[in-house]
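All residue numbers refer to positions in the sequence shown, counting from 1.
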Amino acid sequence: MHSETYRDYWEKGWAVEEGVFSREEAERIAQIALDLSQQELSREGDGYVVDKSEGGEIAPRKIDTPFLKKSEFQSFILDERLTALLANLLGASPLLSGDQIFMKPPHFGSAKPYHQDNFYFQCHPGDHVITAWIALDDVEEENGCLRYIDGSHKGPILPHEAVPGEPYNLVPPPDLIDLEKESLALVKKGGVVFHHSQALHTSHRNESDRWRRGYATHWVTADVTCTKNTLDKAYFRRDDYPA
């Protein structure tokens with residue numbers, strides 16, 4: 001791990017480590033995810049979500065629990081190149097809690113408003129809960145990169161309220177989000193964005209003609225406890241979780 005990655009993570013609440021996986025490895029996983037989600041395009045359910053354009057076009061948006069759907073996903077995210085970086089940042093062995101693959105299709109991949117993961121997770125200590133977001137495409141401002149409020153992980157978990165008309169999106173009040181501290185997480189295909197469980201983050205609509213696919217993996221240490229059922233179905237608690 002580059003020294004600046006560790007420094008940025010603990011100072012800003014997020015950091016980019018480029019070249020964790022090769023572009024070819026990332027493309028293989030992206031194509032498997034795309035093929036799998038397109039097979040399910042005609043019916044939402046079983047963890048498959050679509051985006052819909054204003055003209056009625058639909059395209060894959062998200063795959064929930066991909067770890068349970070394909071062995072290729074399991075070997076990819078449990079790769080030692082990733083888990084060693086996580087251990088370095090956490091100072092303890094990382095345990096895989098959950099995952100999603102976000103597709104964000106060209107031209108109308110929808111935005112995700114500002115939020116903190118640990119508002120949803122309710123896990124403690126927050127310093128032992130981390131997301132590793134693996135870029136399956138080159139990710140830039142135009143196609144909807146992650147954006148962070150630098151240093152927000154050092155503050156509290158903010159209250160979140162439902163967005164009108166979007167009850168699945170819970171966001172903090174705008175006056176609690178200091179946009180002057182916003183930074184963009186640009187990352188190349190195969191790189192990883194790490195972020196702290198309390199880091200405020202968002203992503204805008206995909207305005208480009210390219211996909212913006214990313215594999216989000218969520219990790220904890222053995223010291224973590226939760227005030228809700230976040231870890232009841234954690235992958236590391238499954239009997240078939242790799243030793």
Side-chain angles (χ1 to χ4, degrees), residues 9-10 13-15 17 20 29 33 45-49 61-102 112-134 146 148 152-162 167-172 192-203 214-243:
Y9 179 81
W10 288 108
W14 66 277
E17 181 84 357
V20 178
I29 293 300
D46 194 27
Y48 296 93
V49 181
R61 163 63 174 160
K62 183 174 72 165
I63 302 175
D64 285 320
T65 63
F67 185 84
L68 303 180
K69 294 178 167 65
K70 283 284 186 179
S71 61
E72 292 91 340
F73 296 149
Q74 295 183 12
S75 58
F76 182 64
I77 63 175
L78 293 177
D79 190 291
E80 187 177 3
R81 288 171 292 178
L82 179 61
T83 58
L85 294 170
L86 288 159
N88 192 317
L89 290 170
L90 292 168
S93 296
L95 301 171
L96 181 62
S97 173
D99 64 341
Q100 303 98 22
I101 296 177
F102 296 104
K112 180 69 177 178
Y114 263 112
H115 65 284
Q116 294 167 296
D117 289 344
N118 216 14
F119 175 82
Y120 294 91
F121 297 161
Q122 295 291 309
C123 289
H124 312 280
D127 283 353
H128 286 210
V129 185
I130 188 172
T131 292
W133 193 96
I134 307 164
L146 290 168
Y148 293 92
S152 55
H153 67 300
K154 298 177 181 178
I157 298 175
L158 301 175
H160 286 53
E161 302 169 351
Y168 47 85
N169 276 328
L170 304 178
V171 302
V192 179
V193 184
F194 298 96
H195 71 243
H196 189 283
S197 65
Q198 290 176 205
L200 279 163
H201 60 287
T202 184
S203 66
Y215 198 142
T217 63
H218 310 295
W219 307 77
V220 299
T221 72
D223 295 330
V224 169
T225 60
C226 296
T227 55
K228 57 183 291 188
N229 63 350
T230 302
L231 295 183
D232 287 358
K233 295 183 179 180
Y235 296 143
F236 72 88
R237 290 185 169 172
R238 293 174 58 92
D239 292 339
D240 57 354
Y241 186 73

So, does [X] use its side chain to make a donor-acceptor pair with the main chain of [Y] at under 3.5 Å?
X: Glu72; Y: Ile29; value: no
X: His153; Y: Gly126; value: no
X: Lys69; Y: Ala33; value: no

_Pair Val224-Val129, side-chain contact (heavy atoms from CB on, under 4.5 Å): steps then yes or no_ = CA-CA 8 Å; Val224 169; Val129 185; 4.1 Å; yes
Do [X] and [Y] have side chains that get closer than 4.5 Å, going by heavy atoms?
X: Ile157; Y: Phe119; answer: yes
X: Arg238; Y: Leu68; answer: yes
X: His201; Y: Trp14; answer: no
X: Val220; Y: Phe121; answer: no
X: Cys123; Y: Asn118; answer: yes

To the nearest 0.5 Å, what is the distance between [atom1] on [X] and [atom2] on [Y]?
X: Gln116; Y: Leu200; atom1: CD; atom2: CG; answer: 4.5 Å
X: Thr217; Y: Phe76; atom1: OG1; atom2: CZ; answer: 9.5 Å
X: His128; Y: Thr221; atom1: NE2; atom2: OG1; answer: 5.0 Å
X: Glu17; Y: Arg81; atom1: CD; atom2: CZ; answer: 12.5 Å
X: Gln122; Y: Thr225; atom1: CD; atom2: OG1; answer: 11.0 Å
X: Thr83; Y: Leu78; atom1: OG1; atom2: CG; answer: 7.5 Å

*Listed by chain and number, what are the ring-ring contact (aromatic ring centres under 6.0 Å, His included) partners of Phe102, not counting sequence neighbours?*
none
Please report the shortest heavy-atom distance between [X] and [Y], naming the atom on each side.
X: Cys226; Y: Leu231; result: SG-CG, 3.5 Å
X: Tyr120; Y: His115; result: CE1-CD2, 4.0 Å
X: Pro66; Y: Phe73; result: O-CD1, 3.1 Å

*asked:* Asp127: which residues meet the side chain to side chain contact (heavy atoms under 4.5 Å, CB included) condition with it, sequence neighbours left out?
replied: Trp10, His196
*Could you walk me through whether Tyr114 and Val171 pass the side-chain contact (heavy atoms from CB on, under 4.5 Å) test, one step at a time?*
CA-CA 6 Å; Tyr114 263 112; Val171 302; 5.6 Å; no
Got a list of side-chain donor-acceptor pairs under 3.5 Å for residues 85-100, not counting sequence neighbours?
{"unit_1": "Asp99", "atom_1": "OD1", "unit_2": "Tyr235", "atom_2": "OH", "d": "2.4"}
{"unit_1": "Asp99", "atom_1": "OD2", "unit_2": "Phe67", "atom_2": "N", "d": "2.9"}
{"unit_1": "Asp99", "atom_1": "OD2", "unit_2": "Tyr215", "atom_2": "OH", "d": "2.7"}
{"unit_1": "Gln100", "atom_1": "OE1", "unit_2": "His218", "atom_2": "NE2", "d": "3.1"}
{"unit_1": "Gln100", "atom_1": "NE2", "unit_2": "His218", "atom_2": "NE2", "d": "3.4"}

*When you look at NZ of Lys112, are more than 12 heavy atoms from neighbouring residues, nucleotides or ligands closer to it than 6.0 Å?*
yes
